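All remarks here apply to the structure that follows.
Naming: A, B, ... by sequence-line order, numbering from 1 per chain. Being a predicted model, the structure only gives us computed values, none of them experimental.
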Number of protein chains: 2
Amino acid sequence: MTTKKAAAGTPGKATPRDRLLDAAGELFYREGVGIPTDALCKAAGVSKRSMYQLFDSKDAVFAAALERGAPALVAWLLPPPEGELGPRERLLYVFERLEQAARSPNYLGCPYAAAQVELKDPSHAASVVAARAKRQLVDFFRAEAQRAGVAEPDLLARQLAVVYDGASTRAGIGADDLRGLAVATAATLIDAARLAE
Amino acid sequence: MTTKKAAAGTPGKATPRDRLLDAAGELFYREGVGIPTDALCKAAGVSKRSMYQLFDSKDAVFAAALERGAPALVAWLLPPPEGELGPRERLLYVFERLEQAARSPNYLGCPYAAAQVELKDPSHAASVVAARAKRQLVDFFRAEAQRAGVAEPDLLARQLAVVYDGASTRAGIGADDLRGLAVATAATLIDAARLAE
DNA sequence: AGAACAGGAAACCGATCGGTTTCCTGGATG
DNA sequence: CATCCAGGAAACCGATCGGTTTCCTGTTCT
């Protein structure tokens, strides 16, 4: 048996597959679907030979990169499952995270929204993965809204999803720097929904 | 002197430039930056020869198409300047328009946001045009918010811009069908801003 | 040590792209 | 009628793309 997984943290020593997915996630985000496979492989330090015996196509690499990255992003975005926070704070937590991410000058918006916008085809593998990731967030919003006992949890969840996508998009295209904007907007909507309770 | 502008409405008789910009706007929206120049010219019924003596590059065509389309879209989106509507109704008018547009199964989100997302380069000619168009909308929001006398017109304007971009994006990627969602969300934010007055 | 193999470097291939050029036609001008 | 020219069809060109193949090196297993 061969030693597949290198010791964690050894930079150049990750498996070719992981290096490839890392570079794919990064480059796809920064440069879009257009980046040539050569550039991708060069950045990953992986030969095209290896890439094509690991994946069927460039598109498959992107889909896999998006899929592998989703759990980490969701985990980073959502509050810890067991905490002393109430539903309202748990909801706002997501928007604080968003604003935190958007503070980076390299922020280019939600990678999953971008993926769906760029590859217009909703049946594209990467698009399907992205849609699933996006649904996870609305599901969280809805569950918390329900827990908060608001009158129309589904409405509030969809509203918050709109705010999330709008804020991330606008931050990504440099139209806004949302210092407190996302949190404030979400809070207003949450409070309005609770008043109608 | 030659007759340049054909009689309005005669389908195949528009000037090559107009046919080109029409096709460019349409194809760029539906297919993205990737469409080949051949496809663009074929759809426009224009030879590449004509295209390249009218424009410097494919990118220039896109920028010009976006620029030419902006006034019409803004005019369609905004309420008539002289009307009996109050600021609140004038603001909501935009979101009614958005929902109306999003009802089409061909709706793919705000073309200007999409442009900026696809061509990541903010210095790209088309990106600059798109940014300007987007700014017009926020300016309208701010002006109306001011007219309504809300405490923080700039905050409300930015919030509404977030809702606009979020709703259009989500409708475009098929994540939501916003039946009343955009209007309801905007109304909630407007009313909350007025209460703080 | 020798064999087997994972995997990087790079040549290679056909298709396609953005852009240029050549050629030709049909309608306006004198 | 002779001319002119805007503009479409299409050949063409070099660059680049996605994908395949060949070759070779360093490591691991026996």
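Taking atom CG on B/L54 and atom C1' on D/dA6, their separation rounds to 11 Å, with Å as the unit. For A/K58 and C/dT16, the NZ to C1' distance is 13 Å, given to the nearest whole Å. As rounded to whole Å, 11 Å separates atom P of C/dT20 from atom CD of B/Q53. The distance between atom CZ of B/F62 and atom P of C/dG19, rounded to the nearest whole Å, is 10 Å. When rounded to the nearest whole Å, the span between CG of A/L20 and C1' of C/dG8 equals 13 Å. Nucleotide C/dT20 holds its C1' atom 14 Å from the CG atom of B/D56, rounded to whole Å.
Using a 4.0 Å cut-off on heavy atoms, the residues of residues 33-52 of chain A that approach DNA chain D are A/I35, A/P36, A/T37, A/K48, A/R49, A/Y52, listed by number.
A salt bridge between B/R68 and B/D22 is present, with a side-chain N of the basic residue lying under 4.0 Å from a carboxylate O of the acidic one.
For residues 107-135 of chain A, no residue pair satisfies the ring pair (Phe, Tyr, Trp, His ring centres under 6.0 Å) rule, not counting sequence neighbours. Residue pairs meeting the salt bridge (Lys or Arg N to Asp or Glu O under 4.0 Å) criterion with at least one partner in residues 107-136 of chain A, sequence neighbours excluded, are A/E67-A/R132, A/E118-B/K120, A/K120-B/E118, A/K134-A/D165. Within the structure, side-chain hydrogen bond (donor to acceptor under 3.5 Å, both in side chains) pairs that include any residue of residues 70-80 of chain B do not occur (at least two apart or interchain).
The phosphate of D/dG8 (OP1 or OP2) has a side-chain N or O of B/R19 nearer than 4.0 angstrom.
Applying the side chain to side chain contact (heavy atoms under 4.5 Å, CB included) criterion to A/A186, with sequence neighbours excluded, gives A/L92, A/F95, A/L160. By the side chain to side chain contact (heavy atoms under 4.5 Å, CB included) test, B/P79 is found to be paired with B/R90, B/Y93, B/V94, B/F140, residues two or more places apart in sequence or in another chain being considered.
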